[in-house]
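Shown next, in structure tokens, is the structure this report addresses.
Values below: all heavy atoms of this structure, side chains included; hydrogens, waters and symmetry mates excluded. Just so we're on the same page: letters track the sequence lines, and every chain starts at 1.
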Amino acid sequence: KHSKSLLDKNSNNEVACKKCKKAEIKKTCRRILTPKMEATSSKAESSLQKSSLDVHAESNKWQYKSTSDTVILSADTESSQDGDSDEGTTPGMDDFSGLSPYEKKRLKNISENANFFASLQLSESAARLREMIKKRQPPESKRKKPKKKENETGCRRSMRLLKVNPSGVSLPATPTQPILVADENPLLPPGPLEMTSENRDDNSELFKGFLQTWAEVSKTRSKNTEKELSSIKSYKANLNGMIISEDTVYKVTKGPIFSMALHPSEIRTLVAAGARSGQVGLWDLTHQPKEDGVYIFQPHSQPVSCLYFSPANPAHLLSLSYDGTLRCGDFSRAVFEEVYRDERSSFSSFDFLAEDASTLIVGHWDGSMSLVDRRTPGTSCEKLINSSLSKIRTVHVHPVHRQYFITAGLRDIHIYDARFLNRSRIKPLISLTEHTKSIASAYFSPLTGNRVVTTCADCKLRIFDSSCISSKIPLLTTIRHNTITGRWLTRFQAVWDPKQEDCIIVGSMAHPRRVEIFHERGKWVHSFLGGECLSSVCSINAMHPTRYILAGGNSSGRIHVFMNESCG
DNA sequence: ATTGTATGGACCC
DNA sequence: TGGGTCCCCTACAA
């Protein structure tokens with residue numbers, strides 16, 4: 001378990017298990033030296049315990065070696081030395097007369113395992129490790145151990161968890177009223193909010209120019225032309241032409257990026273990012289110097305979970321937030337209109353049911369869904385639907401058959417028909433249950449909707465064949481991909497390239513930092529590497545619908561744009 | 001017992 | 001010293 005994560009970081013086979021060297025040493029030693037195994041090693045020659053068979057499977061993969069002061073785990077990449085195939089060559093084990101080949105092999109394995117464990121000298125290592133534990137040598141690591149505070153009991157805990165105030169005085173065990181965090185999340189008033197920039201002078205000529213650009217460039221968008229799917233070869237060639245530079249990296253929000261949208265304009269390169277802080281950062285890359293092209297707004301008081309330019313009018317930027325509002329940023333009027341508001345709820349995702357962006361489906365964090373019609377006055381929804389899901393992370397509408405939409409919850413993926421939504425609990429048309437951990441997202445493929453890609457915490461990206469919605473949709477491909485982003489990084493979401501029906505884009509934990517593209521059949525297609533320009537994890541990525549432009553957002557508000565040189 | 005969630009602190013200019 | 005950046009642990013609760 002340890003070795004895997006640690007090996008990821010290193011190219012060479014041999015790495016010291018840092019974790020074991022560190023605080024976890026005690027646990028690891030126990031793990032290796034279970035009483036059963038110790039018995040195996042001491043009575044190596046004679047004991048034919050069942051447990052050694054289980055261990056054998058593991059020793060095929062990992063060799064436990066002991067050195068003077070640490071436990072070294074090394075990947076056994078070469079053919080196993082246990083030699084499963086060369087029968088009857090093990091010294092001392094030749095007299096198997098009268099036994100079936102299976103039993104011969106079994107006995108051979110058992111004896112080899114016993115020899116192997118004897119050769120490890122586990123009891124000696126154990127003694128040495130016990131010494132180490134006694135001494136409790138501080139591990140040699142770059143990072144210093146967090147300094148223990150005097151009033152803490154040894155573990156790292158926040159003042160809040162310790163239930164003390166910052167001066168160290170214990171707070172009453174049960175606060176009579178909830179602690180106000182107004183400073184962090186200033187509540188925003190209902191109704192339209194003026195577009196007031198957080199980082200620049202609102203009355204400057206530059207700001208007026210910015211608004212004009214974002215309002216007018218939208219009209220220059222070319223109509224969606226039915227493009228032919230490029231072959232993987234030419235697609236790859238196009239991706240290879242995409243580069244990143246200092247000019248295409250910039251911090252556009254305070255704090256982690258939760259959502260991103262690329263403006264469909266084919267002339268200007270406009271990127272929008274929604275942050276955990278509730279900010280929305282807008283960046284016109286065509287503008288130089290780059291700091292003059294960035295404007296930051298605060299249309300929400302909590303994380304902006306979902307962000308889309310309106311397909312009907314790209315001068316509208318719709319933003320959804322945990323704060324229970326859906327707003328529409330209108331650049332021509334310089335306001336963030338309120339489209340839908342439910343303060344009791346927390347919105348996780350939305351999509352357009354109608355292509356003209358008049359009706360929307362909004363997924364709530366608590367598992368319910370809302371149908372919103374923007375043509376009716378007011379900011380309440382038409383219908384509130386309780387799904388059988390306990391949580392909803394993403395909703396996505398089928399690109400062709402727009403009555404279908406897919407939701408990704410904690411464990412389940414559901415596909416619904418929007419025509420049959422009623423107030424009572426509704427049943428999904430299809431529900432997928434193969435995911436074993438929480439699901440981050442589920443998206444239909446962009447042109448036909450014949451595929452679904454899901455991102456799951458079990459470190460697998462799955463691609464399903466959704467070409468036939470009426471029956472079960474079969475699993476097509478599973479791609480192993482580290483999706484454990486941990487506590488501080490935004491969760492990954494694999495998304496389709498809107499112009500390439502069969503390729504997905506996903507952030508990566510790999511070093512050097514990169515954004516990866518995979519084919520629906522599981523083949524690796526491309527890695528966006530940025531050298532010094534890309535040195536952090538891009539969790540949220542968006543590709544331009546027609547051009548070769550990729551924007552990746554990290555967890556400190558920075559956007560990284562890869563594009564064709566000719567686009568700059 | 002397992003699994004999801006929360007949001008702190010070391011390091012680097 | 002301090003602000004910016006990025007990390008992938010881990011206590012706690014459901």
message = Is A:Arg487 close enough to B:dG4 that one of its side-chain N or O atoms is under 4.0 Å from OP1 or OP2 there?
response = no

ask   = Taking only N and O in the side chain of A:Ser556, is any of them less than 4.0 Å away from OP1 or OP2 of C:dC6?
value = yes

note = Atom OH of A:Tyr322 and atom P of B:dT7 are separated, to the nearest Å, by 12 Å

remark   = Across all chains, not counting sequence neighbours, the salt bridge (charged side-chain N to carboxylate O under 4.0 Å, His left out) partners of A:Asp292 are A:Arg200

task = Respond yes when some side-chain nitrogen or oxygen of A:Ser535 is under 4.0 Å from OP1 or OP2 of C:dC6, and no when none is.
result = yes

key: A:Lys254 NZ to C:dG4 P, straight-line distance once rounded to whole Å   = 10 Å

message = Applying a 4.0 Å non-hydrogen cut-off, can you work out what A:Ser536 is touching in the nucleic acid: base, sugar-phosphate, or nothing?
response = sugar-phosphate

query = How far does the P atom of B:dG4 sit from the matching atom of C:dC7, given to the nearest Å?
reply = 23 Å

query = Under 4.0 Å between a side-chain N/O of A:Arg393 and OP1 or OP2 of B:dT5, yes or no?
reply = yes

request  = Would you mind telling me which of C:dC7, B:dT5, C:dG4 lies closest to the side-chain atoms of A:Trp488?
outcome  = C:dC7

ask   = Ion pair present between A:Asp458 and A:Arg462, side-chain N to carboxylate O less than 4.0 angstrom?
value = yes

query = More 5' along DNA chain C: A:Lys251 or A:Met509, using each one's nearest nucleotide?
reply = A:Lys251

Atom pair CG/CG of A:Leu534 and A:Asn554 - distance to nearest 0.5 Å = 8.5 Å

request  = Search all heavy atoms of A:Ile484 against all heavy atoms of A:Cys459 and return the closest pair with its distance.
outcome  = CG1-SG, 3.7 Å

Inter-nucleotide P distance (C:dT5, B:dT7), Å rounded = 22 Å

ask   = Which whole-number value in Å describes the distance from A:His511 NE2 to C:dC7 P?
value = 6 Å

message = Is the phosphate of C:dT5 approached by A:Asn554 (side-chain N or O, under 4.0 Å from OP1 or OP2)?
response = no

Residues in salt bridge (charged side-chain N to carboxylate O under 4.0 Å, His left out) contact with A:Arg451, at least two apart in sequence or another chain = A:Asp465, A:Glu520

request  = Respond yes when some side-chain nitrogen or oxygen of A:Lys437 is under 4.0 Å from OP1 or OP2 of B:dT2, and no when none is.
outcome  = no

query = A:Val537 side chain: which of B:dT5, C:dC7, C:dC6 is closest?
reply = C:dC7

Any A:Arg513 side-chain N or O less than 4.0 Å from OP1/OP2 of C:dC7 = yes

